Amino acid sequence: METNDRYEIRLAGEGGQGLILAGLILAEAAAVYDGKNAVQTQSYGPEARGGASKAEVVISDGVIDYPKVIAADLLLCMSQEACSKYVYGMKKNGILIVDSVHVDRVPTSRAYMIPITKIAEEATGRRITANIVALGLIVGLTGVVSRKAIEAAVRARAPKGTEALNLKALEAGLAEAERIRAEAERGQSVPIRAS
Amino acid sequence: METNDRYEIRLAGEGGQGLILAGLILAEAAAVYDGKNAVQTQSYGPEARGGASKAEVVISDGVIDYPKVIAADLLLCMSQEACSKYVYGMKKNGILIVDSVHVDRVPTSRAYMIPITKIAEEATGRRITANIVALGLIVGLTGVVSRKAIEAAVRARAPKGTEALNLKALEAGLAEAERIRAEAERGQSVPIRAS
Amino acid sequence: MSEEQVGPQPVAAEEAAPASAGRKKRRRGRVHVFDNWCKGCGICIAFCPQHVYEMDEDGRPVVAHEDQCTACHWCDVHCPDLAIVVTDVEEDAHGGTTDAGQ
Amino acid sequence: MSEEQVGPQPVAAEEAAPASAGRKKRRRGRVHVFDNWCKGCGICIAFCPQHVYEMDEDGRPVVAHEDQCTACHWCDVHCPDLAIVVTDVEEDAHGGTTDAGQ
Amino acid sequence: MRRYEENRMYRYLRRHKKFPNVWCPGCGIGIVMGALIRAIDRLGWEKDDIAMVSGIGCSGRMPVYMDFNTMHTTHGRALAFATGLKMVKPKMHVIAIMGDGDVLAIGGNHFIHAARRNIGITSIVINNSIYGMTGGQYSPTTPTGSLATTAPYGNIDQPFPICELAIAAGATFVARGTVYHAVELDRLIEKALLHEGFSVVEAVSYCHTTFGRINKLGTAVDMLRWQKENSVTREAAAKMTPEQLQGKIVRGIFHEREFPEYTAAYAKIVEQAMAAQRKA
Amino acid sequence: MRRYEENRMYRYLRRHKKFPNVWCPGCGIGIVMGALIRAIDRLGWEKDDIAMVSGIGCSGRMPVYMDFNTMHTTHGRALAFATGLKMVKPKMHVIAIMGDGDVLAIGGNHFIHAARRNIGITSIVINNSIYGMTGGQYSPTTPTGSLATTAPYGNIDQPFPICELAIAAGATFVARGTVYHAVELDRLIEKALLHEGFSVVEAVSYCHTTFGRINKLGTAVDMLRWQKENSVTREAAAKMTPEQLQGKIVRGIFHEREFPEYTAAYAKIVEQAMAAQRKA
Amino acid sequence: MAARLMQGNEACVEGALAAGCRFFAGYPITPSSEIAELLSRRLPQVGGYFIQMEDEIASIAAVIGASVGGVKAMTATSGPGFSLMQENIGYAAMAEIPCVIVNVQRTGPSTGLPTKPAQGDVMQARWGTHGDHPIIVLSPSSVMETFLLTVRAFNLSEKYRSPVILLMDEVVGHMRERVELPPPESLEITNRVAAHVPPEWYFPFEDPSTDVPPLAPFGEGYRYHITGLFHDRAGFPTERVDEIDAWIARAFGRIEQHRQDIISYEEDVPAGSRVLVVAYGATARSARHAVKLARAKRYKVGFLKLETIWPFPEEATERLARQCKRVIVPEMNLGQLALEVERVVGRQKVRRVNLANGEMITPQQILAAIEEK
Amino acid sequence: MAARLMQGNEACVEGALAAGCRFFAGYPITPSSEIAELLSRRLPQVGGYFIQMEDEIASIAAVIGASVGGVKAMTATSGPGFSLMQENIGYAAMAEIPCVIVNVQRTGPSTGLPTKPAQGDVMQARWGTHGDHPIIVLSPSSVMETFLLTVRAFNLSEKYRSPVILLMDEVVGHMRERVELPPPESLEITNRVAAHVPPEWYFPFEDPSTDVPPLAPFGEGYRYHITGLFHDRAGFPTERVDEIDAWIARAFGRIEQHRQDIISYEEDVPAGSRVLVVAYGATARSARHAVKLARAKRYKVGFLKLETIWPFPEEATERLARQCKRVIVPEMNLGQLALEVERVVGRQKVRRVNLANGEMITPQQILAAIEEK
Ligand SMILES: Cc1ncc(C[n+]2csc(CCOP(=O)(O)OP(=O)(O)O)c2C)c(N)n1
Ligand SMILES: Cc1ncc(C[n+]2csc(CCOP(=O)(O)OP(=O)(O)O)c2C)c(N)n1
Ligand code: SF4
Ligand code: SF4
Ligand code: SF4
Ligand code: SF4
Ligand code: SF4
Ligand code: SF4
Ligand SMILES: [Mg+2]
Ligand SMILES: [Mg+2]
């Protein structure tokens with residue numbers, strides 16, 4: 001019975017935010033560079049841009065049967081709609097990361113409210129790299145894949161010519177995670193868990 | 001159990017000979033003008049003209065279930081191919097009528113070999129009326145429908161403007177049947193039954 | 001048998017003209033109707049410019065006047081059942097014929 | 001309100017020219033962007049011949065210079081999200097405005 | 001909001017329900033929708049008398065937003081559905097909204113046959129030279145040489161000349177406009193709507209999200225600007241050399257011809273048959 | 001029989017198996033078959049190199065009789081099947097034999113798209129203005145006003161101008177002949193076969209069994225005679241007034257143009273991709 | 001009405017006209033073409049609409065379009081055309097547009113034997129389009145039944161806002177039989193329910209009072225949206241699971257809950273029957289013939305003739321088969337409805353009699369199966 | 001080979017290329033478009049042929065044409081396109097032309113939910129075309145299996161001269177998973193048997209030595225005729241009953257007689273199992289997950305994962321179900337393959353778990369069914 005060591009990640013937001021690419025990179029980091037099993041699935045609507053979009057990644061040392069998230073260990077919300085919809089589908093101790101640029105109503109106080117898009121803009125000048133910043137945050141906060149793995153995966157999957165840019169975004173995310181951890185250690189009251 | 005009073009007629013030849021129309025007329029004579037039950041079915045190939053063509057008529061006072069010929073009480077063959085194919089699917093005492101213009105090999109001596117097409121040409125100047133001549137023969141030789149009924153049906157179903165012509169053909173067929181009967185009565189050796 | 005001259009020899013003009021009388025060797029044709037294939041449509045009979053065909057009682061063509069044939073090939077070109085073969089022969093000054101190209 | 005004058009008032013020429021200075025009543029427009037519908041494509045900002053719009057930090061249009069608007073209606077005609085309404089007003093000689101046609 | 005209520009345009013929209021629309025920011029389809037509304041508004045037609053039928057594609061989503069009798073059918077089949085509707089409702093104004101893939105790839109046959117019948121339907125062909133909705137595969141109007149997700153080495157197909165095809169097929173009103181020339185476009189649409197027989201307006205749009213991205217043509221703004229700079233009226237084109245016309249979009253009415261409209265011709269058949277029936 | 005063996009024509013027939021053919025006595029389809037054989041014979045092509053693909057209809061039966069690689073497909077789809085075959089066998093001479101209903105009704109889309117791609121297939125469209133095989137329903141080439149089993153009150157549709165449509169769609173060789181002018185027809189077919197891109201020959205035939213009967217046009221002989229009297233060459237037509245041309249069939253080559261043939265263009269793509277691959 | 005000799009295809013036309021059909025769009029195909037031909041003459045006479053489309057895809061599309069315009073509409077075809085119609089049949093099911101599709105079956109697959117009969121499209125009629133969808137399929141076995149079931153097809157279609165397929169076969173379609181059509185006034189004709197609320201309250205895909213919401217014709221004040229996407233009660237596209245589930249429940253439920261009304265059959269199963277013959281279409285005639293022959297030989301045989309084949313008459317089949325040892329299912333295919341019979345009565349009990357070569361199954365062949373064992 | 005993160009659609013492409021597929025004709029449709037897109041890049045690299053056709057009808061036609069030219073060929077689509085392909089799938093079956101049709105299922109009917117998964121085309125894959133026809137349908141449940149079953153699809157298609165349908169679903173098609181592709185040389189690849197007699201002796205539809213006659217490519221000396229009509233051994237149209245019966249017997253027989261070879265599945269049914277879960281496609285993953293959960297709770301549950309769904313693995317299902325009290329069949333449809341399971345094991349035993357609203361069935365839902373009663 002390997003069904004229990006699953007780590008379930010849900011990345012939710014809108015079409016065009018690159019969440020499916022982010023999921024893919026995360027899964028590739030786990031599967032190819034960390035040598036674990038990983039499955040990435042997705043769900044999106046008919047819109048080419050805008051509309052709800054969702055990527056899910058399940059990571060496990062064992063066999064992954066059901067490929068979707070049952071209850072998220074980690075939930076990233078890049079839109080208000082996604083947040084309202086998915087916040088209840090989390091594990092008890094699941095981690096909630098929210099882009100505070102897009103989301104202002106979070107029905108819990110136990111969330112990382114992080115201006116991801118703003119960080120992206122500051123770090124790379126391109127809001128579109130928010131997805132990679134988010135990856136940095138996720139990896140930094142959870143360690144679900146190794147730093148080396150996520151870097152390799154970003155490098156491999158970033159559109160040609162944008163590798164450096166995206167690595168910068170990843171770096172920014174990782175740094176922000178570092179900062180938060182440090183603050184938390186210092187006892188600052190960073191709301192860190194969704195109930 | 002009404003399945004036994006069926007009279008089964010098979011008209012076989014080639015596309016373009018008007019056998020389906022003949023079957024229709026015969027069935028209509030029985031069903032509409034003689035007040036019996038009648039079912040007419042057909043079988044033909046992909047050819048618009050030429051190719052095997054077959055019409056079947058089942059006449060009964062009772063309900064007609066199976067609509068096709070099981071074993072023909074009467075078989076009309078207007079082509080060699082039809083004759084070779086169907087001559088064995090007859091009742092023991094079934095009547096076989098053959099157009100001797102088109103058929104020369106008949107695997108039985110007990111058949112009415114009648115130059116139907118020639119009679120048609122002589123009577124109406126049009127070979128295409130052979131189908132109606134054949135109807136006259138069938139009715140004259142079997143009495144399966146009344147003379148009145150077949151006349152009414154021919155009149156009703158003949159293409160507009162050809163009613164008189166077709167009635168003439170019918171008449172010729174009936175007259176030929178009359179002649180044959182008379183000869184048979186006079187003991188002439190007309191081969192009349194297919195085995 | 002030269003490849004060029006055998007088989008249906010369509011003439012460039014659609015309607016065949018009678019062979020010009022002035023020519024030395026008059027072109028003539030041997031006409032064969034493949035009965036098994038002919039369906040008796042009457043096209044050859046109706047259109048042969050030389051009235052080579054006559055109709056039998058079944059409406060089928062009979063090559064009745066082969067000597068009139070100019071090998072214009074209208075008939076074999078137009079027979080829908082590919083049932084006609086006209087072979088070119090040449091008639092010399094004396095009226096004798098040879099199969100053309102043989 | 002005359003039917004003819006209300007609503008998007010396309011001009012015949014595709015590219016709007018500034019209202020001719022010679023005219024007595026200069027045509028002007030009140031410009032409204034319906035924020036809920038605007039997706040920030042930037043078309044109005046890029047093409048407004050009078051540079052009425054400026055871009056906010058989200059890339060969305062801000063009606064920054066409404067006074068320059070000539071009611072040429074390029075923007076409302078081209079907004080793919082039907083998020084702009086330009087209402088014609090007339091400016092009299094003294095600079096006061098009235099809603100056209102009201 | 002009062003402002004918007006006042007505006008005539010919004011009378012034609014299902015604005016409380018469905019906006020913002022499904023299209024990408026800057027997509028030209030919305031501009032076509034605006035042009036269509038203006039044309040209809042000028043005609044003063046009743047909304048109840050208008051049916052809008054579309055196929056599948058980004059363009060095909062338009063009817064969702066319009067307060068008419070609307071029908072979003074299957075991919076390519078809009079004109080066939082519309083034909084049935086027009087037959088039984090000959091007085092209705094039936095408008096078909098179709099993408100280039102929709103009407104010319106899978107739906108090409110219905111297009112030429114509707115044209116052939118000259119049935120009184122107005123076809124708005126939103127030509128963005130690509131399959132937008134499915135993500136940028138080449139369409140029958142993708143220019144030779146362009147890239148697409150299914151033409152990574154460049155498209156080797158010839159594009160259809162939509163207007164010429166429509167004319168050859170029998171359409172009796174054929175015009176082309178661009179979304180940049182949106183006011184002209186609404187005038188063309190208006191004329192098409194007024195035309196009795198089968199009318200076609202090719203509305204040249206663009207898809208920056210797929211075609212633009214793959215071919216590095218920039219944003220919606222860039223593609224609009226391209227249109228501005230690379231299209232000419234029929235009249236202007238008449239004075240240009242073939243070389244000058246190379247790659248240019250020619251705008252205007254290309255064909256206008258009288259021929260009995262299909263449902264009108266059919267009505268005569270009915271008259272004739274019913275008269276004969278009464279006699280008999 | 002020796003005579004027939006000798007005749008070159010019979011080399012191309014499956015004569016031991018399938019004759020007499022399925023067509024009505026006098027049907028023009030057989031005349032087209034003859035013309036096609038003569039054209040192929042003159043070209044001297046190997047039978048193995050020729051593929052003949054047809055749809056469903058009386059015309060579609062032709063491949064049965066021809067000793068090539070033959071494929072009788074589904075109604076309307078001959079060109080789509082042929083496209084797949086031509087792609088993988090670019091050196092084969094692929095000939096599509098189609099009836100007017102087959103290629104222009106149900107198959108209209110494949111026709112215009114094959115033309116658009118300019119794929120090297122020769123389309124022989126046997127136009128008898130009717131659905132022959134199914135018994136005389138009107139087709140997309142039935143003249144307006146004619147009777148058909150589904151047009152008992154007279155056809156109200158416009159017929160397609162096949163050649164114009166093919167040209168608009170992108171075909172690079174387009175011609176029309178009649179079965180009466182059978183020798184001319186085989187020359188047209190020969191030219192079409194030699195053409196590199198998509199070529200179309202409209203072979204105007206007739207169906208006395210359905211169209212002729214319903215419209216009281218007489219026998220095959222009568223219909224052939226009609227053709228003789230009512231068709232003119234392109235050259236002659238050029239000198240005639242529109243009134244004089246009314247109801248006339250114009251024969252000749254209408255279009256001939258250079259454009260890369262599809263499989264040749266595709267071969268370049270392969271070359272390019274394989275070269276890039278080798279480099280990587 | 002007086003007795004007439006009528007062809008099955010003609011009876012279909014008469015039935016359609018009697019049912020109020022006023023629109024036909026089709027594409028010719030053997031053995032259905034007579035339906036189009038007759039309607040091309042008859043429809044204009046009654047002010048109806050006939051159009052020959054460019055293909056079968058367009059035909060069914062036009063039929064749906066006409067139905068949306070408020071007119072009872074139908075098309076007719078055979079196997080190849082029926083295959084082509086599948087996508088849009090699914091559309092009609094999804095959008096709940098009434099329409100009747102006649103398939104006069106010929107021998108398949110593919111072009112098969114165009115002029116020969118078969119019952120090879122039975123499963124296709126149920127499953128031919130992608131995705132689960134509600135459908136009703138009727139199959140007549142005589143000319144008279146063709147008339148009656150055509151009327152019923154329209155009635156059910158309008159009543160349940162569902163495409164209805166009339167599955168004929170070449171035998172029935174081309175057969176001519178003596179019929180006496182019932183007087184028109186004796187026929188029960190169902191028309192679709194008119195919208196009964198003002199437009200603002202109208203939801204084309206939900207009505208609190210019924211599982212079949214009224215369908216307002218286009219052009220009469222009810223401006224709404226129709227789509228082949230999953231949609232909400234107003235007809236607008238939705239991806240909300242609750243709205244989709246609601247559609248599924250209602251669309252399938254309305255067929256399921258009205259099985260009694262939709263399903264019709266004829267049973268002739270004397271008490272003590274040991275063998276049950278289940279048949280439909282032309283084969284039902286061979287079967288009835290065989291049953292009579294068998295009874296004459298004193299076999300205890302029951303007969304169930306199905307008129308509705310989808311939804312499959314499970315209850316009747318199960319009930320009648322219960323007492324029987326064996327169930328014989330003759331079909332002019334390789335065993336299609338037999339699969340359902342097996343599912344319902346257990347496959348050990350079922351003996352299939354199949355023929356798919358263009359010939360009718362004869363009474364003797366069925367009799368032989370009855371006499372087995 | 002190294003581990004890769006690969007999408008299902010990509011695995012299908014890799015499988016096709018590995019199997020020797022060198023022709024693709026298709027028309028884009030979500031969620032299958034990636035297959036076309038990837039092949040448009042990859043095929044020219046290996047000297048293969050890619051063409052985007054005007055629609056799905058043309059796509060499958062071109063595929064058949066290419067296969068007749070001797071090249072392994074495939075197309076890929078989803079429900080709406082699959083519906084349109086039905087007529088020509090029947091043609092391929094009739095003419096016995098190898099080809100692979102991939103259907104990445106989305107939620108239907110009609111346009112449905114274009115981006116959401118379903119298993120709604122299971123019955124259509126078997127019955128979608130008119131007339132009885134032989135067919136093979138495989139359905140993968142993982143990315144790796146997609147690769148392997150694509151290879152198998154080509155192998156079976158070439159071996160049995162039959163169209164083979166690879167029935168994927170949106171979950172499997174779009175899912176990315178860690179895979180290690182087997183080295184190409186380890187794959188068993190079947191090529192169609194070459195004609196081994198001189199042209200004069202060649203009969204494309206009969207070979208005394210095998211029930212799968214060799215199929216000579218066009219253009220290589222074997223000039224013969226192919227038709228969608230019933231045909232004799234030489235390929236010419238026939239209406240002779242004996243020749244038709246011979247075709248039917250051989251065409252169906254060759255699938256029937258090779259069931260063992262064609263059918264593949266995975267069984268995990270410990271002795272003493274009381275409940276059997278039968279599943280396929282993406283749902284098989286939920287099912288296996290549920291089975292593990294149930295076993296952890298000490299339920300005695302067996303699991304049968306089907307890879308071949310048509311011909312339906314009757315024998316395995318029956319054998320494994322025999323000892324079980326209940327059989328659970330979860331499907332992302334309203335119960336399709338469940339009908340076959342019911343037919344084979346008796347419908348009382350079967351408990352269906354269905355969802356057709358675009359969501360995957362969860363392990364919990366299946367677990368609940370296991371725990372019932
Ligand atoms: C039968 C069928 N095949 C394919 C599709 C997938 N499909 C949806 S939209 C589309 C093409 C869209 O292109 P276009 O018509 O040009 O519209 P656009 O999105 O560009 O406006 C395709 C192929 C479908 N829905 N149905
Ligand atoms: C899908 C499909 N629809 C309809 C038919 C019936 N059908 C066979 S041939 C034909 C038309 C024949 O007309 P045409 O193509 O002009 O050929 P012709 O017989 O006149 O040579 C039709 C409608 C079919 N076989 N398949
Ligand atoms: S043209 Fe041919 S088929 Fe016709 S009659 Fe002459 S030989 Fe016979
Ligand atoms: S070739 Fe034929 S048509 Fe010409 S003259 Fe001789 S027989 Fe007559
Ligand atoms: S054009 Fe419209 S959508 Fe675009 S930025 Fe301006 S207001 Fe917004
Ligand atoms: S109407 Fe619009 S585009 Fe024109 S000047 Fe005013 S703001 Fe600018
Ligand atoms: S994908 Fe292209 S066509 Fe579709 S909405 Fe976006 S920009 Fe417009
Ligand atoms: S029906 Fe017409 S087209 Fe067909 S074979 Fe007869 S004459 Fe020729
Ligand atoms: Mg497009
Ligand atoms: Mg024709």
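All values reported here derive from a predicted model rather than from experimental measurement. Lettering of chains follows the sequences in order, A, B, ..., and the numbering in each one begins at 1.
- Looking at G/Thr238, the atoms closer than 4.5 Å to chain H (heavy atoms on both sides) all sit in the backbone: N, CA, C or O.
- In the model, G/Thr362 has a side-chain atom that pairs as donor or acceptor with a side-chain atom of G/Gln365 under 3.5 Å.
- Using a 3.5 Å distance cut-off with no hydrogens or angles, the side chains of G/Glu96 and G/Tyr160 do not pair a donor with an acceptor.
- Checked against salt bridge (charged side-chain N to carboxylate O under 4.0 Å, His left out), G/Glu256 has the following partners two or more places apart in sequence or in another chain: G/Arg259.
- For the pair G/Arg240 and G/Phe230, the cation does not sit on the ring face, since its NZ or CZ is not both under 6.0 Å from the ring centre and inside 45° of the axis.
- Proximity to chain H involves both the backbone and the side chain of G/Ala356, based on heavy atoms less than 4.5 angstrom apart.
- Of the two parts of H/Glu318, only the side chain, counted from C-beta on, holds a non-hydrogen atom closer than 4.5 Å to a non-hydrogen atom of chain G.
- With 3.5 Å as the limit, one finds a donor-acceptor pair spanning the side chains of G/Thr283 and G/Gln119.
- For G/Gln105, no part lies near chain H; criterion is any non-hydrogen pair under 4.5 Å.
- Within residues 248-255 of chain H, the residues having any heavy atom less than 4.5 Å from a heavy atom of chain G are, in residue-number order, H/Ile248, H/Phe252.
- Using bins of under 30°, 30° to 60° and over 60° for the plane-to-plane angle, the ring pair H/Phe236/H/His225 lands in the parallel bin.
- Of the two parts of H/Val122, neither the backbone nor the side chain holds a non-hydrogen atom closer than 4.5 Å to a non-hydrogen atom of chain G.
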### Task
For H/Glu56 and H/Ser59, run side chain to side chain donor-acceptor pair (under 3.5 Å): C-alpha distance rounded to whole Å, both residues' side-chain angles, the deciding distance at 0.1 Å, then the answer.
CA-CA 5 Å; H/Glu56 290 87 348; H/Ser59 300; over 6 Å; no

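- Between the side chain of H/Ser67 and the backbone N or O of H/Cys99, no donor-acceptor pair lies under 3.5 Å.
- With a 4.5 Å cut-off on non-hydrogen atoms, H/Phe82 does not touch chain G at all.
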